[in-house]
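Single-structure report; data block below.
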Amino acid sequence: MRASRFHLATLKETPVDAEIVSHQLMLRAGMIRRHAAGIYSWLPLGLRILRKVEQIVREEMDRAGALELLMPSFQPAELWQESGRWDQFGPELLRLRDRHQRDACIGPTHEEIITDIFRREVNSYRQLPVNFYQIQTKFRDEIRPRFGVMRSREFIMKDAYSFDLDKDAMQRAYDIMDQAYVSIFDRFGLDYRAVSADSGAIGGSTSQEFHVLADSGEDAIAFSDQGDFAANIETVEALPPSSERAAPNAAMETVDTPAMRTIDDLATGLGVSARQCLKTLIAEAEDGGLVALVLRGDHELNVLKAERLEGVASPLRLAQREQIVEVLGNDIGSLGPIGLEIPVFVDHSAAQLNDFVCGANQEDRHLVNANWGRDCAEPASVDIRNVTEGDPSPDGKGQLRILRGIEVGHIFQLGQKYSESMQATVLDEQGKAVYPYMGCYGIGVTRVVAAAIEQNHDDSGIIWPDALAPFQLAICPINYHKSEQVKQAADDFYHSCRQQGLEVFLDDRALRPGVMFSDMELIGVPHRVVFSERGLKQQQFEYKGRRDDSAQDLSLDDLDGFLQQLFPGQCRAD
RNA sequence: CGGAGUGUGGCGCAGCCUGGUAGCGCACCUGUCUCGGGGUCAGGGGGUCGCAGGUUCGAAUCCUGCCUCUCCGACCA
């Protein structure tokens, strides 16, 4: 590709609304442009990268035996009513009516459609196993789209659906997809982790997420420093402390704590550590009342664990301040478990404390040296917190480390949820109609692009892994339009690269070198070659890898050898 | 959804308080001198000032309504 024929649309300034680096760089590099909240066009440069991701996904899915098809975005309501999700799905489902007043939606996912296809097309166990997939646009009407294509309303997803006769076969299909995902993410060249996960709204049991590691990731993942254990932090069990609780050392006292409303205020004001304090959260109960959730001051509540507790409303809703004041007769900021008249759930770690600090349930007062068993009833302790760095791994091997990740893939075992609700059956060997077991497997194709940038960039711009780069190699001739010699060398090299099947970008714009260099760095081309009069005089050209600190001068005599070394397996040695 | 902002050439912004017919930087076009890290100088094109209504001799500016987009939002209890 010649720059003069390509729409290179780089921006010098960073658009003010882009918060995260991948969004900023995608805009600056001219990959995407926004039309409305969470709605983007992919410009030619961005599309090249998107297609790279798609192609790798497609090749590995095909290799794993999945069959590509294409389903509609516009989906009739009847199918969603059959599965029951027309009512279950919230406002994220974009609903609309056609001219005949028929209800429909723009698909946020395709379980209903694929099940409809399956029940019409597949009738016999002899046709199983089967796994259909597509790479297609989804629409989810997010409350608050942000971070560019990381959380957009319209996005491209690869979604696959497997159908099997029984659970064991479903497990085999799932394992094959697990392997395919490993191959896919390996080929992307990204640093990633597969972790076990909660299956959320899609339903089903076993599920695993694939996260691209990046400090800016929205999810926390916990993994053992010694074993294979790795999971999304929201699912990880916090083991109860192994040691006995220490005995009380001092009598409980009430102290004035004016204007100390947060754990930090309290710890600083009283000169104790946050882990010696209790944090008392008030949530709504199933019966409309309130419950208290008590944690150590330095711990965070795990919402999934809390809403699974008997008597706690699910989904979890933290109580409104007004309701707390009305029912408990006391404002937030000085609540504690001692003397509370509502059900109290105490986290294992909080129940382990002795001589702790907690709210006195009186305005601006706290208790110090409070003790379970002595100053109030012995609590029934539960696991309601997020694990933290250094906690023991639930599999008993080593300690937990915590990293941040961006969820780009998720694989589920769905079981018979959709085949039953939508009456999709096949005949088994006995000629009996049975509900097949399904699995579903997603990859956020657009999100992979953003995640790759989030993980690989520097002050100059994007640094694509080779497999995703829009161009493999950039040629920057200096004075292309003035020097016949430079033009000749650059053109020759360009043609020879193209003959070898390389995706090469020749910057033939009449620009100063600084502009060319910064553009090529911004859009993240992994390799750069420079031709100049100065170098040609000495029979040399210059090479710099995107991550290299400085360039090196190489001999013109061995351009072909250079290419073979740079792109082994792709260039002919002729 | 609740709260806070915002809307002026493609992008980033000033002008608004104190009404007088729109300006700056980047980008773009022409020419010029430069030519190995986002250059110089000169000239130029491009704007229904979010939309609708109102006040006024006169509205980007004041008033009313609507819309858009952005940010923040319950681990502080």
Side-chain angles (χ1 to χ4, degrees), chain A residues 8-19 23-24 27-28 30 33-39 90-91 141-147 257 259-267 274 277-284 290-303 306 316-325 327-328 330-337 340 347 358-361 363-364 366 384-386 388 459-461 476-483 486 507 509-522 528 530-535 541-542 544 550-551 553:
Chain A
L8 199 61
T10 54
L11 263 36
K12 242 194 253 188
E13 296 181 45
T14 301
V16 72
D17 293 333
E19 292 176 82
H23 188 198
Q24 293 169 355
L27 289 168
R28 284 193 55 208
R33 293 290 185 251
R34 194 182 70 97
H35 301 284
I39 303 291
D141 203 358
E142 295 277 351
I143 309 176
R144 204 177 145 208
R146 54 177 154 176
F147 304 142
T257 50
M260 298 183 199
R261 305 186 66 81
T262 70
I263 294 291
D264 278 351
D265 293 344
L266 196 61
C277 302
L278 291 189
K279 183 192 292 197
T280 306
L281 306 173
I282 307 297
E284 292 182 21
L290 299 178
V291 297
L293 304 168
V294 178
L295 296 159
R296 221 168 70 184
D298 59 331
H299 283 151
E300 286 184 359
L301 179 70
N302 180 304
V303 171
L316 186 81
R317 287 185 303 273
L318 290 176
Q320 296 297 311
R321 186 177 178 158
E322 298 74 36
Q323 196 184 357
I324 294 174
V325 175
V327 176
L328 303 179
N330 185 34
D331 200 359
I332 58 177
S334 49
L335 295 171
L340 267 194
D347 185 71
C358 67
N361 297 317
E363 194 65 20
D364 289 335
H366 279 77
I384 50 171
R385 72 174 173 95
N386 279 336
T388 59
D459 291 344
S460 305
C476 296
I478 293 174
N479 281 335
Y480 183 85
H481 292 261
K482 297 272 172 61
S483 163
V486 166
D507 199 338
R509 302 174 293 176
L511 291 176
R512 300 162 59 82
V515 181
M516 284 192 285
F517 295 162
S518 37
D519 269 352
M520 291 307 103
E521 282 161 11
L522 176 60
R528 183 187 83 192
V530 175
F531 291 102
S532 68
E533 283 188 303
R534 193 178 74 192
F541 70 100
E542 178 189 295
K544 182 173 177 297
S550 57
D553 291 321

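Naming: A, B, ... by sequence-line order, numbering from 1 per chain.
- Following rounding to the nearest Å, A/Glu521 (CD) and B/rG36 (P) show an atom-to-atom distance of 17 Å.
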Protein N or O to nucleotides 25-29 of chain B N or O, pairs below 3.5 Å:
from: B/rG25; atom 1: N2; to: A/Glu13; atom 2: OE2; distance (Å): 3.3
from: B/rA27; atom 1: OP1; to: A/Lys12; atom 2: NZ; distance (Å): 3.2

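- When heavy atoms are screened at a 4.0 angstrom cut-off, A/Val294 is found touching no nucleic acid atom at all.
- Taking both residues in full, the closest heavy atoms of A/Thr280 and A/Leu335 are given as OG1-O, 3.5 Å, listed atom of the first, atom of the second, then distance.
- At whole-Å resolution of the value, CD1 in A/Ile478 and P in B/rG38 are 12 Å apart.
- Between the P atoms of B/rG9 and B/rA14, the separation comes to 13 Å (whole Å).
- Residue contacts shown for A/Asp264 are absent, as no nucleic acid heavy atom lies under 4.0 Å away.
- B/rA27 makes up no base pair with any nucleotide shown, lacking Watson-Crick or G-U wobble contacts both under 3.5 Å.
- Backbone-only engagement by A/Ile263 is indicated by non-hydrogen atom pairs under 4.0 Å involving sugar-phosphate atoms exclusively.
- Rounding to whole angstrom units, NE2 of residue A/His481 and P of B/rG36 are separated by 15 Å.
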Strictly under 3.5 Å: I want the nitrogen or oxygen pairs between protein and nucleotides 68-71 of chain B, one per line.
from: B/rC69; atom 1: O3'; to: A/Arg34; atom 2: NH1; distance (Å): 3.1
from: B/rU70; atom 1: OP1; to: A/Arg34; atom 2: NH1; distance (Å): 3.3
from: B/rC71; atom 1: OP1; to: A/Glu19; atom 2: OE2; distance (Å): 2.7

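- Using atom C1' as the reference point in both B/rU30 and B/rC16, the two lie 36 Å apart (nearest Å).
- With hydrogens and angles disregarded, a donor-acceptor distance shorter than 3.5 Å links the side chain of A/Gln24 to the backbone of A/Ala18.
- Counting non-hydrogen atoms under 4.0 angstrom, A/Arg528 reaches a base of the nucleic acid.
- Among the heavy atoms of the strands lying under 4.0 Å from A/Leu335 are primed sugar atoms or P, OP1, OP2 only; no base atom is included.
- For a distance-only test at 3.5 Å, the side chain of A/Asp519 qualifies as a donor-acceptor partner of the base of B/rG38.
- Note on A/Ile282: nothing from the nucleic acid sits closer than 4.0 angstrom, heavy atoms only.
- The nucleotide B/rA74 finds no pairing partner, because no Watson-Crick or G-U wobble arrangement with both distances shorter than 3.5 Å includes it.
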